[in-house]
There are 2 protein chains.
Amino acid sequence: MKTTPADIHILIVEDDLASRSLLVSYFENAGYRVSETDNADHLAERIDQDAVDLVLLDISLPGKDGLTVTRELRANSAVGIILVTSKGDEIDRIVGLELGADDYVTKPFNPRELLVRAKNLLWRMFIADTAKRNGESRSQMIYSFEGWQLDPYKRQLTSPEGHHERLPEGEFKLLQTLVNHPGQVLSRDQLMDAIHDREWTPNDRSVDVLIGRLRRKLGDNPSNPQLILTAHGAGYMFAGNTGS
Amino acid sequence: MKTTPADIHILIVEDDLASRSLLVSYFENAGYRVSETDNADHLAERIDQDAVDLVLLDISLPGKDGLTVTRELRANSAVGIILVTSKGDEIDRIVGLELGADDYVTKPFNPRELLVRAKNLLWRMFIADTAKRNGESRSQMIYSFEGWQLDPYKRQLTSPEGHHERLPEGEFKLLQTLVNHPGQVLSRDQLMDAIHDREWTPNDRSVDVLIGRLRRKLGDNPSNPQLILTAHGAGYMFAGNTGS
DNA sequence: CTCAGATGTAACAGAATGTAAAAAGGACTT
DNA sequence: AAGTCCTTTTTACATTCTGTTACATCTGAG
């Protein structure tokens, strides 16, 4: 399993040209390697051959039943499957999930939302993969730095003294993103992207506020921060020693 | 076991002509080979002779008790059985499943839903068949997490201390959906889909109320939940360790 | 050193969530 | 029918979270 977008191969199965092009360009802009097709013939083989990591599957393809396709894929492969369904297909959606799809979006969908779901799924696949590799259960996949521990599964922060605290959604995602890129300056743009499905405008201070809240919870003195450093004019950087 | 619709033989046992015709045409349109009957006489023999793969059985046939029929069928055959029950027969429904039926639908049902359930069951049968039927299928369908157990047939929740409790339909489906997707944030939209066919409007709090009831029954402190986490602005997520 | 722009943060307002309790269904019973 | 029991949905209000604003402080180019 890969972690950088360029290494991740996404296959878009959609018969409508307009929708397909939209999706392709959207995911290409996000940096992924994208393939496309307008039919589900020999899908399993193609996925296997081309080392596809994630499939976006329009469930109402002409000729073939999307649910059957889902089954066939899941039966032989651990590929990520996101179904694209129409407004009225509640049952298909539910059964689709039961049959092994990982997620779905409903047409008409917001491309941003789809991208977020795709990222989330890829992340879950990555976690599951590494956990499996190490023979661990999911909950043991824990970030640790400077005596602190961050449990991404329960979204809980544990201090060196052993005090547990549940982090709010935004703070958790921000800290997770920082910890995932130690020693790397992340722009507010990037951080905003990781936290939310939202644009960043030059006067937006919400990232700064979240950073402040995190620093306080981490006991990090802002005038001499040890964990979350400020890169003036650029963004923020996590400087803790991971794995300690 | 076959995989293409034309090879699959479905028998519809239903005394009401209108319902029966509807079902027959619906499944024929889906490409299956369909037979029909208005009584359950010599059902086992007929199924055996005609190589029936799946039976849709109206539980309230005149003369014969659908439950008895179910037991007889299951005793001698691995045929797929989907019960068609009336609205009020909750007890019959559960007993039917315990006697060996594979699934049920409630009248008045959506033909589409029945078709999807039938496909789903045929697929499960195919899987079970190829997997050589090792281990009983029933116990594998029990969800377990953190000492809790959830029995989908009885809709029963068992605490780590062994205390049983029947869950209402909505709470059960919600919990089942969450448990089926551990670590994944599910939007209220998705959860609403899973509970029943209904749109979610921004001011709809019914999902939240159900979540609250589940948390109380699971002993999950909402201000520091361990099992059902809140993803502010996004939805809810199950964070228990499944399979333990 | 100065100063414009960038960052830190308290405080507030608006939005989202938790939840008790009332209202509204639904199905069975009398 | 009316009543009862169970479940679901709505309502209302308390609580929590998030983003904005305002102002204090800091940084670094010049």
Side-chain angles (χ1 to χ4, degrees), chain A residues 155 157 165-175 185-189 191-192 194-225 227-237, chain B residues 60 85-94 106-108 155 157 165-175 185-189 191-192 194-225 227-237:
Chain A
R155 306 195 167 195
L157 181 67
E165 182 171 13
R166 197 173 53 84
L167 289 182
E169 185 77 0
E171 294 171 31
F172 166 75
K173 282 189 177 172
L174 179 57
L175 180 55
V185 174
L186 299 172
S187 69
R188 287 178 177 71
D189 228 341
L191 294 173
M192 190 60 116
I195 298 169
H196 264 323
D197 181 14
R198 215 178 118 207
E199 295 288 337
W200 181 80
T201 56
N203 282 34
D204 193 335
R205 312 296 315 289
S206 56
V207 171
D208 307 64
V209 173
L210 282 180
I211 290 284
R213 287 178 187 150
L214 271 182
R215 275 180 176 152
R216 183 167 353 152
K217 288 184 179 174
L218 291 169
D220 211 14
N221 181 351
S223 56
N224 184 22
L227 293 173
I228 302 178
L229 308 191
T230 303
H232 203 275
Y236 296 95
M237 181 181 95
Chain B
S60 56
T85 68
S86 296
K87 194 66 180 170
D89 308 337
E90 184 166 314
I91 295 156
D92 284 357
R93 198 186 302 168
I94 291 163
T106 305
K107 279 187 194 174
R155 287 197 338 237
L157 180 67
E165 181 173 11
R166 276 285 295 286
L167 289 184
E169 185 84 1
E171 292 174 30
F172 167 74
K173 282 186 178 172
L174 179 57
L175 181 55
V185 174
L186 298 171
S187 70
R188 288 178 176 69
D189 232 338
L191 293 172
M192 198 59 124
I195 296 171
H196 43 45
D197 298 353
R198 203 166 138 242
E199 288 293 323
W200 180 81
T201 55
N203 283 35
D204 192 335
R205 312 297 314 288
S206 55
V207 171
D208 307 63
V209 173
L210 284 180
I211 290 283
R213 290 194 195 127
L214 274 181
R215 275 181 176 151
R216 183 163 359 140
K217 289 182 179 177
L218 291 169
D220 212 12
N221 179 354
S223 59
N224 188 19
L227 292 174
I228 302 178
L229 307 192
T230 302
H232 201 283
Y236 295 95
M237 179 182 98

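In the text below, chain A, chain B and the rest are named by the order of the sequence lines, each starting its count at 1.
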For this session: Take the protein atom CG of L229(A) and the nucleotide atom C1' of dT27(D), then report the distance between them rounded to whole Å.
Result: 15 Å
Exercise. Taking only residues two or more places apart in sequence, or in another chain, which ones meet E171(B) in a salt bridge (Lys or Arg N to Asp or Glu O under 4.0 Å)?
Worked result: K217(B)
Exercise. With sequence neighbours left out, what residues match S187(B) under side chain to side chain donor-acceptor pair (under 3.5 Å)?
Worked result: none
Problem set entry | Set of residues satisfying side-chain contact (heavy atoms from CB on, under 4.5 Å) with respect to R216(A), sequence neighbours excluded | none
Problem set entry | Rounded distance (Å) that lies between atom C1' of dG8(C) and atom CG of D220(A) | 13 Å
Exercise. With sequence neighbours excluded, what pairs up with D204(B) under the side chain to side chain donor-acceptor pair (under 3.5 Å) test?
Worked result: R198(B), S206(B)
Seminar exercise, completed: To the nearest angstrom, the CG-C1' distance between L214(B) and dT19(C) comes to 14 Å
Exercise. Is any side-chain N or O of T230(A) closer than 4.0 Å to OP1 or OP2 of dG8(C)?
Worked result: yes
For this session: Go along nucleotides 9-20 of chain D 5' to 3' and tag each nucleotide: B for a protein heavy atom under 4.0 Å from its base, S when only backbone or sugar atoms are that close, - otherwise.
Result: BBBB----SBBB
Seminar exercise, completed: From CE of M237(A) across to P of dT7(C) the rounded distance in Å is 15 Å
Problem set entry | R215(A) CZ to dA10(C) C1', straight-line distance once rounded to whole Å | 16 Å
For this session: Output yes when at least one side-chain N/O atom of Y236(B) is less than 4.0 Å from OP1 or OP2 of dG18(C), else no.
Result: yes
Exercise. Who are the side chain to side chain donor-acceptor pair (under 3.5 Å) partners of D208(A), not counting sequence neighbours?
Worked result: R188(A), Y236(A)
Exercise. Tell me: CD1 of I211(B) to P of dT17(C), nearest whole Å?
Worked result: 11 Å
Exercise. Separation of I228(A) atom CD1 from dT7(C) atom C1', in whole Å?
Worked result: 14 Å
Seminar exercise, completed: From CG of L191(B) across to P of dT17(C) the rounded distance in Å is 12 Å
Seminar exercise, completed: Closest heavy-atom pair, L174(B) versus L210(B), reported as atoms and distance to 0.1 Å, is CD2-CB, 3.5 Å
